[in-house]
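Naming: A, B, ... by sequence-line order, numbering from 1 per chain.
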There are 2 protein chains.
Amino acid sequence: MAHKTDGPEHAPLPATKRAPIVAVFVVIFTVEESDLKVLLIRRGVAPYEGQWAIPGGRLQTGETLDEAATRKLVEETGVRDVYLEQLYTFGDLDRSAEGGAVAIGYFALVDHDSVSLPRREEWPTAWYSLKSLPPLAFDNESVLDYALRRLRSKMEYTNVAYSLLPQYFTLSQLQAVYESILGKEVDKRNFRKRMLALGILRPTGRTMVLGAHRPAKLYTFASRQPTAI
Amino acid sequence: MAHKTDGPEHAPLPATKRAPIVAVFVVIFTVEESDLKVLLIRRGVAPYEGQWAIPGGRLQTGETLDEAATRKLVEETGVRDVYLEQLYTFGDLDRSAEGGAVAIGYFALVDHDSVSLPRREEWPTAWYSLKSLPPLAFDNESVLDYALRRLRSKMEYTNVAYSLLPQYFTLSQLQAVYESILGKEVDKRNFRKRMLALGILRPTGRTMVLGAHRPAKLYTFASRQPTAI
DNA sequence: TCAAAAGTGTTGTTTATACACCCATGT
DNA sequence: ACATGGGTGTATAAACAACACTTTTGA
């Protein structure tokens, strides 16, 4: 679905003036060792050459926005079929582009273990903890802030966490993911009660031994589709 | 704030190919006589000439997205300083535009009494009840669906209703606005309790006579800024 | 005096929070 | 045997939902 309506006053407007650049970028989150991280790319050209930025690129002809975001995600992580949602569209900055630039932002959640970062010399990528970000290009800091706020509120009422965990996981792992993202500890008993009451988890009957202690029951998400509970 | 990051593979891409058209449109809602309405415009050119559509137009050079949405809103309603929020960006359709089209959608809430529709022959506008929409251009039906879902959820936890009411209003008027938008009746006592408990309303001490019955107390919003309660 | 909307409290139910101990395992 | 994380229940508080009658006015 999409839309275009020319208003009365600029119906005939010729397409000769410099048109704005249209870019799509993807904020890719993961949780690794109970730490929320984001994938950044080091820019190989001006502006902001050498600085870290959120990965993105031009929208290609004939491509939908979702397709462009998926393409970017696959290029940078190799994963597909994860949670991917449109975040916001930014129209100010990049000021360096004459004619202006419009950037449609997405955010994605990936299971760290299923990602393989491409090896390359230019435009290298790396995971950065949200607690220790390098200086970022453009004002990507505020974009990350916005994405994080959105992610946190989504965690409260959806099953998006499915996309950050392997197929089978323990309730403690699930809790660790929540705590990493919300940035605060939650009560174990209340957390389990709430999650199980939601009915989005299915016990597998299997257990997993993780150390010198009682084995943990393994669960799986009843649905791996985004569900607005 | 905004963003643009060229990925490695298309850093040098020449700007010669047909660039996508960038348009901004605004879903303008109002409540009139306890009925939720949307402002539509009748298209004067192909595609979909003669059909009703959500008002919008090209993004102009040097303009931010918010500025473009505000400009459109003022052009069509004369009002300013109302609730205006970015909704979603659509990238598929208009298929008729070669090079593609990207449309950034906004939604706005206006007090019906402060609107004056422009009088003109071409591209006329009119309010339509959401209960009896004409056939729409592009697939604006699904855009309206989306906007309505967003509006409903916003009503639950924000003060956006301030933008749909005159400065002074009664609790019954406020309730009528909620019921029109949510599409269902709510309990009067619980509604009043909840609204007053939120602390976003201020009693004015004045009353208003509306008919052959007891006069109603007038309230005003403590803040006319968007507040995420 | 009648019709019509304004205004007002209580009770029961559901949901969220706070909090501490035993269990199964590896070393 | 001990250290480690896995697993479990209860009591209190807060939020929400259901429900009916009296008040003030204009006609």
Under the 3.5 angstrom rule, does the side chain of B:Ser163 hit a backbone N or O of B:Val160 as a donor-acceptor pair?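 Side chain of B:Ser163 to backbone of B:Val160, a donor-acceptor pair under 3.5 Å: no, none is there.
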Protein-nucleotide distance ([X], atom [atom1]; [N], atom [atom2]), rounded to Å:
X        : N      : atom1 : atom2 : answer
B:Leu210 : C:dA4  : CG    : C1'   : 12 Å
A:Lys184 : C:dA18 : NZ    : P     : 10 Å
B:Glu185 : C:dA5  : CD    : C1'   : 14 Å
A:Leu218 : D:dG6  : CG    : C1'   : 12 Å

Counting only non-hydrogen atoms, which of residues 171-183 of chain A are less than 4.0 Å from DNA chain C?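 The answer is none.
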Going by the rule ring pair (Phe, Tyr, Trp, His ring centres under 6.0 Å), which residues pair with [X] if we only count those two or more places apart in sequence or in a different chain?
X        : result
B:Tyr128 : B:Trp52
A:Phe191 : A:Tyr178
B:Phe169 : B:Phe221

Measuring to OP1 and OP2 of C:dC23, would you say a side-chain N or O of A:Lys217 lies under 4.0 angstrom away?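 For C:dC23, OP1/OP2 do not have a side-chain N/O of A:Lys217 under 4.0 Å.
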I'd like to know if [X] and [Y] make a salt bridge, using a cut-off of under 4.0 Å between side-chain N and carboxylate O.
X        : Y        : result
B:Arg152 : B:Glu156 : no
A:Arg80  : A:Glu67  : no
B:Lys184 : B:Glu179 : no

Below 3.5 Å between N/O atoms, which protein atoms pair up with nucleotides 23-27 of chain D? Just atom names and distances, please.
unit_1, atom_1, unit_2, atom_2, d
D:dT23, O4', B:Arg214, NH1, 3.3
D:dT23, O2, B:Arg214, NH1, 3.2
D:dT24, O2, B:Arg214, N, 2.7
D:dT25, O2, B:Ala212, O, 3.0
D:dT25, O2, B:His213, N, 3.2

For [X], enumerate each residue passing the side-chain hydrogen bond (donor to acceptor under 3.5 Å, both in side chains) test, keeping only those at least two apart in sequence or located in another chain.
X        : answer
A:Arg192 : A:Ser172
B:Lys193 : B:Asn190
B:Asp66  : B:Tyr106
A:Glu85  : A:Tyr83, A:Arg150, A:Lys154

Do the ring planes of B:Phe29 and B:Phe107 sit parallel (below 30°), tilted (30 to 60°) or perpendicular (above 60°)?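 B:Phe29 and B:Phe107: perpendicular rings.
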Secondary structure of DNA chain C per the Watson-Crick/G-U criterion (both distances under 3.5 Å; [ ] crossing, | other strand, . unpaired) is |||||||||||||||||||||||||||
With the sugar-phosphate defined as primed atoms, P, OP1 and OP2, and the base as all remaining atoms, what B/S/- string results for nucleotides 13-21 of chain D, 5' to 3', for protein heavy atoms under 4.0 Å? ----BBBB-
Enumerate the residue pairs fulfilling side chain to side chain donor-acceptor pair (under 3.5 Å) with a member in residues 198-217 of chain A, sequence neighbours excluded, ordered by first and then second residue.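 Checked against side chain to side chain donor-acceptor pair (under 3.5 Å) - neighbours excluded - no pair reaches residues 198-217 of chain A.
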